[in-house]
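The next block holds one structure in the form of structure tokens; read it before the comments.
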Amino acid sequence: MFFDLYNQQIKVYLATGTNDVESNRYNLRTVLEKAGMTILQSDGETDENIIFSKMKSANCSIHILGNVNIYDTDGSGYKSMAGIEYRMARKLRSKDYKMFVWNPIGKIYNVNAYINNIRRDIVENTVYSDKTSPIVFVEELRTIMNVKQSARNDLKNADIFFLYNEIDADTAEDISNMLQDVQSIIKLGISMSHNVDYNDYINQQLANTKMGVVYYNYAADWAVSFARQVWKDTGGGSSQTPIIVVGNEAHAKKEELKIFDGILDCVVDDYTRIPLDIKILFDKTQTK
């Protein structure tokens with residue numbers, strides 16, 4: 001089940017990155033595409049007037065920080081396209097145009113201490129983020145750019161409420177299809193391409209379900225953060241509906257779930273065995 005609510009599409013200008021952040025930029029672009037945003041970029045254009053016009057047609061811009069100083073006049077990247085676009089965005093920022101500055105490294109070392117100067121220069125309509133996950137960063141961007149619509153759907157009684165990020169839809173569908181042969185199941189794919197507030201619906205549906213499952217393959221950062229929030233919102237340790245977190249071992253790692261030790265049951269396994277793992281945990285929760 002996906003909520004397909006119409007929202008105005010966000011136009012994002014994805015600024016040029018210095019060489020050291022190219023992999024971060026590629027991963028971010030992939031997430032932005034999956035989130036259904038319109039992406040504008042220089043595409044190799046060097047005419048600053050054309051680039052400024054293109055940037056101006058967007059709703060916001062994203063600038064990725066790394067180890068190359070694009071901010072200070074004596075910085076090694078100040079005259080690079082990344083530095084030029086950064087200064088263009090500073091001229092554009094207003095109530096109608098937001099400038100997002102992303103530091104995926106998170107920590108600040110001596111080599112990129114210039115980031116402290118950027119942080120001190122943050123003013124209204126500029127957003128600095130050091131979220132290391134591009135998925136979490138894009139969700140943060142979407143929350144700031146739009147007011148979320150509330151998800152609405154009929155509540156149903158079921159054994160399992162199966163939740164996953166749309167990014168992991170392929171394996172999630174396989175698992176839920178195998179699982180529904182032995183359990184009654186309700187599926188919810190969290191879609192990043194729509195600015196929907198799922199909180200009320202999830203909390204209400206969990207109250208009508210015997211167990212909640214948060215599944216992930218690629219979206220580890222999202223799943224861990226999401227599961228923690230849902231657990232807290234539904235009463236934490238006093239919740240009447242147990243929640244488990246399961247990951248596909250093709251990309252998931254057990255270390256990612258250590259935060260839930262003693263709090264939630266977690267499993268990392270081959271996705272073909274996950275339906276059985278869920279069934280075993282379901283039976284376990286029902287005998288308590």
Side-chain angles (χ1 to χ4, degrees), residues 1-3 31 34 132-136 139 151 153 156-192 198-199 201-288:
M1 171 175 54
F2 287 93
F3 291 93
V31 175
K34 287 182 177 292
T132 56
S133 165
I135 296 174
V136 176
E139 287 190 336
N153 203 65
K156 298 177 183 177
N157 294 323
D159 291 331
I160 293 171
F161 189 19
F162 190 79
L163 300 137
Y164 58 95
N165 192 297
E166 189 181 34
I167 289 174
D168 296 329
D170 51 353
T171 51
E173 287 295 320
D174 290 340
I175 292 168
S176 58
N177 288 339
M178 288 186 278
L179 192 59
Q180 66 187 9
D181 292 336
V182 291
Q183 308 284 168
S184 59
I185 180 173
I186 292 176
K187 300 179 290 184
L188 174 60
I190 307 296
S191 173
M192 294 179 64
Y198 298 91
N199 292 345
Y201 169 68
I202 289 173
N203 295 343
Q204 292 174 35
Q205 183 56 63
L206 278 171
N208 288 271
T209 311
K210 295 178 181 178
M211 186 175 78
V213 176
V214 177
Y215 166 76
Y216 73 96
N217 184 20
Y218 293 100
D221 293 297
W222 170 86
V224 171
S225 175
F226 176 75
R228 286 183 68 187
Q229 191 60 53
V230 171
W231 180 75
K232 289 178 182 179
D233 289 347
T234 54
S238 62
S239 174
Q240 296 184 348
T241 304
I243 298 171
I244 68 169
V245 184
V246 293
N248 177 9
E249 69 177 10
H251 301 99
K253 307 297 179 187
K254 291 182 179 179
E255 292 77 15
E256 297 162 345
L257 302 177
K258 283 185 177 179
I259 193 172
F260 295 123
D261 286 354
I263 300 176
L264 300 178
D265 286 320
C266 301
V267 173
V268 173
D269 204 349
D270 183 275
Y271 85 96
T272 59
R273 293 191 293 269
I274 285 177
L276 179 59
D277 295 327
I278 294 174
K279 178 66 168 62
I280 292 171
L281 287 172
F282 176 83
D283 292 340
K284 174 184 170 184
T285 63
Q286 300 310 300
T287 57
K288 288 183 178 181

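We number each residue from 1, following the sequence as shown.
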* Structure fact -> So OG1 of Thr234 and CG of Asn199: to nearest 0.5 Å the spacing works out to 11.0 Å
* Structure fact -> Applying side-chain hydrogen bond (donor to acceptor under 3.5 Å, both in side chains) to Thr132 and not counting sequence neighbours gives none
* **side-chain hydrogen bond (donor to acceptor under 3.5 Å, both in side chains) involving Gln180 - partner list, sequence neighbours excluded** => none
* So, for Asn165 and Ala219, which heavy atoms are closest and what is the spacing to 0.1 Å? -> CB-CB, 4.0 Å
* Under 4.5 Å between any side-chain heavy atoms of Val230 and Ile202, yes or no? -> yes
* Please name the residue in the list Ile274, Leu281, Ile280 that meets the side-chain contact (heavy atoms from CB on, under 4.5 Å) test with Ile278. => Ile274
* Euclidean distance, Ser225 OG relative to Ile259 CD1, rounded to 0.5 Å -> 9.0 Å
* Could you note down all residue pairs passing salt bridge (Lys or Arg N to Asp or Glu O under 4.0 Å) where residues 236-255 supplies at least one of them, sequence neighbours left out? => Glu249-Arg273
* **Counterpart residues, salt bridge (charged side-chain N to carboxylate O under 4.0 Å, His left out), relative to Asp277 (two or more places apart)** => none
* To do: Might you point out which heavy atoms bring Trp231 and Ile263 nearest each other, and give the distance in Å?
  => CZ2-CG2, 3.3 Å
* Asked: Any idea which heavy atoms bring Gly212 and Thr241 closest together, and the distance?
  -> N-CG2, 4.0 Å
* Taking all atoms of both residues into account, what is the closest heavy-atom pair of Tyr271 and Pro275, and its distance? -> O-CD, 3.3 Å
* Asked: How many angstroms lie between CD in Gln286 and CE in Met211, if you round to the nearest 0.5 Å?
  -> 8.0 Å
* **Any side-chain heavy-atom pair of Asn208 and Phe161 under 4.5 Å** => no
* Under the side-chain hydrogen bond (donor to acceptor under 3.5 Å, both in side chains) test, residues paired with Asp170 that sit two or more places apart -> none
* **All ring-ring contact (aromatic ring centres under 6.0 Å, His included) counterparts of Phe226, not counting sequence neighbours** => Trp222
* To do: Could you pull out all residues at least two apart from Ser239 that satisfy side-chain hydrogen bond (donor to acceptor under 3.5 Å, both in side chains)?
  => none
* To do: If a pair satisfies salt bridge (Lys or Arg N to Asp or Glu O under 4.0 Å) and one of its residues is in residues 210-226, list it, with sequence neighbours excluded.
  => Asp159-Lys210
* Where at least one partner belongs to residues 232-251, residue pairs that pass ring pair (Phe, Tyr, Trp, His ring centres under 6.0 Å), sequence neighbours excluded -> Tyr218-His251
* Asked: With sequence neighbours left out, which residue pairs that include part of residues 224-242 fulfil the salt bridge (Lys or Arg N to Asp or Glu O under 4.0 Å) condition?
  -> none
* Asked: What pair of heavy atoms forms the shortest contact from Phe260 to Ala227, and how long is it?
  -> CZ-CB, 3.9 Å
* **Aromatic plane relationship, Tyr215 with Phe162 - under 30° parallel, 30 to 60° tilted, over 60° perpendicular** => parallel
* Asked: Does the side chain of Lys34 come within less than 4.5 Å of Glu166's, by heavy atoms?
  -> no
* Under the side chain to side chain contact (heavy atoms under 4.5 Å, CB included) test, residues paired with Ala207 that sit two or more places apart -> none
* To do: Taking the side chain as every heavy atom from C-beta outward, state whether Glu139 and Val31 have any pair of such atoms under 4.5 Å apart.
  => no
* Taking it one step at a time, do Lys284 and Asp265 satisfy side-chain contact (heavy atoms from CB on, under 4.5 Å)? -> CA-CA 10 Å; Lys284 174 184 170 184; Asp265 286 320; 3.6 Å; yes
* Asked: Just how far is it from atom SG of Cys266 to atom CD1 of Ile244, taken to the nearest 0.5 Å?
  -> 8.5 Å
* N/O donor-acceptor pair under 3.5 Å between Asp168 side chain and Asn217 backbone -> yes
* Asked: Could you give the distance from CG (Leu188) to CD (Gln205), rounded to the nearest 0.5 Å?
  -> 9.0 Å
* **Separation of Leu276 CG from Asp270 CG (nearest 0.5 Å)** => 12.0 Å
